[in-house]
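Below is one structure, written out as structure tokens, with a few remarks after it.
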Amino acid sequence: MSSTGIITCECGAKVRLPADASSRTLRCPRCKAGIALTVDARVLASTQLKAGDPGAICPICQTTVGGDDFVVACPQCHQLHHRECWSEVGGCSTYGCTQAPAIDKSANTSAQPLSAWGDEKTCPACGETIKAIALRCRYCGTDFDSVDPMTVKDLVRQATKEQSLSKLKTITVVLFVVSLLGLPAPLTGLVGACVLLPQRKDLQKCGPLFQVMGYAALGLSAVYSLLMVLFLIFS
């Protein structure tokens with residue numbers, strides 16, 4: 001754990017950890033990605049499997065770790081987990097591992113410990129029974145943005161949101177490329193201001209790269225437009 005209690009998420013956001021962060025479910029407030037912590041509150045570095053790397057089965061959700069999935073390795077038993085699954089459970093899923101989340105057995109607590117065993121839910125896409133904490137259906141491969149049980153309407157809403165973000169990414173890239181040309185700067189700036197600024201929160205969810213391209217497109221368009229005005233005035 002950092003001596004200042006502040007870590008940097010993959011999206012670039014600075015996240016301050018609570019004083020007692022061991023075996024806790026923590027998420028980045030900007031990108032909502034899970035933060036994997038050890039039982040002594042050290043942040044586990046996450047990686048992505050590269051093409052050609054041998055696949056692995058996450059012991060929590062029982063699904064294959066894909067190339068786009070962020071994974072963490074247990075520092076004790078070295079078992080690979082999805083970063084999101086580790087964060088949701090609060091530690092390693094291996095029974096008896098020292099990195100497994102502690103269970104509060106006090107009589108004064110009403111909280112139920114997060115568990116990777118026994119709880120089930122129904123996949124809204126294919127109807128199969130899967131783990132309650134699964135973020136991906138092991139049968140049809142459908143991804144979920146929450147471990148909470150979802151209905152078909154929730155799944156449609158999630159797909160619509162993902163399509164909207166994908167469309168915003170495409171628009172951002174196009175605006176950035178066009179802004180480099182200079183000549184269409186006034187039009188690029190107008191379109192960018194009308195599209196990107198009202199959706200700046202969604203742009204944050206697209207990641208830091210698209211944020212940089214979006215604001216760079218607006219900045220370049222403003223500079224080129226100003227130069228064009230100055231040229232017309234003094235020519």
According to a hydrophobic-cluster definition based on side-chain heavy atoms being under 4.5 Å apart (Ile, Leu, Val, Met, Phe, Trp, Tyr only), do Ile171 and Leu190 belong together? no
Group every Ile, Leu, Val, Met, Phe, Trp and Tyr by side-chain heavy-atom contacts under 4.5 Å, then state whether Leu203 and Leu209 land in the same group. yes
Any side-chain heavy-atom pair of Cys58 and Trp86 under 4.5 Å: no
Less than 3.5 Å apart, which donor and acceptor atoms pair up between the side chains of residues 152-167 and the rest of the protein, not counting sequence neighbours?
from: Asp154; atom 1: OD1; to: Arg157; atom 2: NH1; distance (Å): 2.8
from: Asp154; atom 1: OD2; to: Thr151; atom 2: N; distance (Å): 3.1
from: Asp154; atom 1: OD2; to: Thr151; atom 2: OG1; distance (Å): 3.2
from: Gln158; atom 1: OE1; to: Asp145; atom 2: N; distance (Å): 3.0
from: Gln158; atom 1: NE2; to: Asp143; atom 2: O; distance (Å): 2.6
from: Gln158; atom 1: NE2; to: Glu162; atom 2: OE2; distance (Å): 3.4
from: Thr160; atom 1: OG1; to: Val156; atom 2: O; distance (Å): 2.9

Just to verify, what does Gln79 make a side-chain contact (heavy atoms from CB on, under 4.5 Å) with, not counting sequence neighbours? Pro59, Cys77, His81, Thr94
Please evaluate residues Leu196 and Leu168 with respect to the criterion side chain to side chain contact (heavy atoms under 4.5 Å, CB included), reporting the C-alpha separation (whole Å), side-chain torsions for both, the decisive distance (0.1 Å), and the verdict. CA-CA 8 Å; Leu196 299 182; Leu168 182 58; 4.0 Å; yes
Could you pull out the closest heavy-atom pair between His78 and Ala73, with the gap in Å? O-CB, 4.5 Å
Quick one: side-chain contact (heavy atoms from CB on, under 4.5 Å) partners of Ile233, sequence neighbours excluded? Val229
Hey, any chance Val195 and Phe210 share a hydrophobic cluster, counting ILVMFWY side chains that come within less than 4.5 Å of each other, even indirectly? yes
Closest non-hydrogen atom pair between Gly127 and Thr122, with its separation: O-CG2, 3.5 Å
With rounding to the nearest 0.5 angstrom, report the OG to NE2 distance, Ser93 to His82. 12.0 Å
What residue pairs, at least two apart or across chains, pass side-chain hydrogen bond (donor to acceptor under 3.5 Å, both in side chains) with a residue in residues 171-198? none
To the nearest 0.5 angstrom, please state how far the SG atom of Cys140 sits from the CD atom of Glu128. 8.5 Å
Would you give the length of the straight line joining atom CZ of Arg136 to atom OG1 of Thr142, rounded to the nearest 0.5 angstrom? 9.5 Å
Val174 with Leu180, same ILVMFWY side-chain cluster at under 4.5 Å: no
Considering residues at least two apart in sequence or located in another chain, which fulfil the salt bridge (Lys or Arg N to Asp or Glu O under 4.0 Å) criterion with Arg200? none
Tell me whether Tyr139 shares a hydrophobic cluster with Phe144, the cluster being built from Ile, Leu, Val, Met, Phe, Trp, Tyr side chains joined at under 4.5 Å. yes
For a quick test of your reading: what N or O donor-acceptor pairs under 3.5 Å do the side chains of residues 211-224 make, sequence neighbours left out?
from: Ser221; atom 1: OG; to: Ala217; atom 2: O; distance (Å): 2.7

